[in-house]
Amino acid sequence: MTYLFETEEHAALRAQARRFAAEHIAPHAARWEEDEEFPVELYREIARTGLAGVGYPEEVGGSGGDLGHMLAVAEELVLAGTSVGAVVGLGSHGIAAPPIVRFGTPEQRRRFVEPVLRGEQICALGVTEPGGGSDVAGLTTRAVRDGDHYVVTGAKTFITSGCRADWVLTAVRTGGPGHGGISFLVVERGTPGFEVSRKLRKTGWWASDTAELAFDGARVPVANRVGPEHGAFPMIMSNFAGERLMLAGQCVAIAELAYREARRYARERVAFGKPLAGFQVIRHKLADMATRIAAARALTGEAAVRVNRGAPAPGLCAMAKNAATDMCSAVVDEAVQIHGGMGYMRDVVVERLFRDARLYPIGGGTREIMNEIISKTEGY
Ligand SMILES: Cc1cc2nc3c(=O)[nH]c(=O)nc-3n(C[C@H](O)[C@H](O)[C@H](O)COP(=O)(O)OP(=O)(O)OC[C@H]3O[C@@H](n4cnc5c(N)ncnc54)[C@H](O)[C@@H]3O)c2cc1C
């Protein structure tokens, strides 16, 4: 199944993404997951196809298209590649680059965004801190102005692609407390006082790197500030809409892959003299899985259409994320169940997806924070 809004253009992109993932990701997926890393050359390879630039304007080296095209590409990369970790690692520019595209200067777009879309650089977004991620307005990493530099002190954690990033779009406190005192700085690798303090090990998404970052008097040029001083909070919030829908889309893709694997296994595996699919209870499990995926896809697609039309729709995006994450958790759990003991074994795709799925009610805004947003937009 595809999103209702899709056209022949989306179908062509899907085919291209499917080819890329089947050739460049799937054969290595199991090893990269165990290695907790994929080769950096993959960034260049996907950039050469233009797939990394989907959703970005041609003026910054992108391939054009919108959120709908990005959802279609990401889904095929997950379905054909089977390594969610590699796909999210390859896609970390999806949360780091958009604020620079939208609010940066032409010089910042040339220096930071264009090399990323050419696959020459890796980037990351640094908002979450060891002291807290949900309360963005409470972040404490401090940046003090000193001439034409900011001096940055603090820490960030759980940063996707942070270990290998050439630059990190970092949310820092330049002003007083609350959301009105936050700015965005591009902190470049090699800046004295800035380092990766730890590579973090995690439940799923193994092939992507996740970093803890330390800033100890790191001097960052004022020219690296994106947007106005103290003006980052609205940029962070507007960035969330796209991020949350992409996460919802990843949930749809993960569930679809788990469903396909379970359906195949149910046809092949024989118990009590017939294939598992010959038992009504197994068929009904599969039917429920397909239904739940279709429902989450419909809501994610509707939210994407509204965002593409220019409506920020934070409540609907939050609903789509929660619906997709809940659906995904339930579907991968059933997929493991249908696989029996095999579903609990390493290197079996559904086992990996089961672990990957646990991230989604947490990352990009937790399930509880989504419900807070829905509560606000619904006016409780
Ligand atoms: C694999 C991974 C990759 C990530 N990648 C990035 C990245 O690239 N960049 C980045 O900046 N961040 C990243 N994150 C961070 C992620 O966005 C945060 O983990 C998330 O926002 C939650 O923040 P926290 O972990 O500090 O939890 P906390 O904010 O400490 O929350 C803990 C619990 O309390 C609940 N809670 C908090 N406040 C409330 C409230 N007001 N009402 C009800 N419940 C509440 C939460 O829902 C949660 O259940 C990543 C996280 C992971 C695990």
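The residues of the chain are indexed from 1 along the displayed sequence. Order of listing sets the numbers, starting from 1, for every ligand and every atom in it. Just so it is clear, the model here is predicted, and its values are computed rather than measured.
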Nearest non-hydrogen protein atom to atom 52 (C) of ligand 1, with distance, is Leu359 CD2, 3.6 Å
Ala124 touching ligand 1 at heavy-atom level, < 4.0 angstrom: no
Check Thr128 against ligand 1 and report side chain, backbone, both or neither, counting heavy atoms closer than 4.0 Å. both
Taking distance alone, with no angle check, do Glu368 and ligand 1 share an N/O pair under 3.5 Å? yes
Taking only heavy atoms of Ile159, which atoms of ligand 1 are found under 4.0 Å from at least one of them? 7 (C), 8 (O), 9 (N), 10 (C), 11 (O)
Considering the heavy atoms of Thr366, write down every atom of ligand 1 situated less than 4.0 Å from one of them. 22 (C), 46 (C), 47 (O)
Could you tell me if any non-hydrogen atom of Asn371 lies under 4.0 Å from any atom of ligand 1? no
Would you say atom 35 (C) of ligand 1 has a protein heavy atom nearer than 4.0 Å? no
Which residue and heavy atom of the protein sit nearest atom 29 (O) of ligand 1, plus the separation: Ser134 OG, 2.6 Å
From the candidates Tyr360, Phe240, Trp205, Phe158, the one that places a heavy atom nearest atom 6 (C) of ligand 1: Phe158
Any chance the side chains of Arg19 and Thr49 put a donor and an acceptor closer than 3.5 Å? no
Would you call Arg173-Glu129 a salt bridge at under 4.0 Å N-O? no
Looking at Ile362, which atoms of ligand 1 are within less than 4.0 Å of one of its heavy atoms? 19 (O), 20 (C)
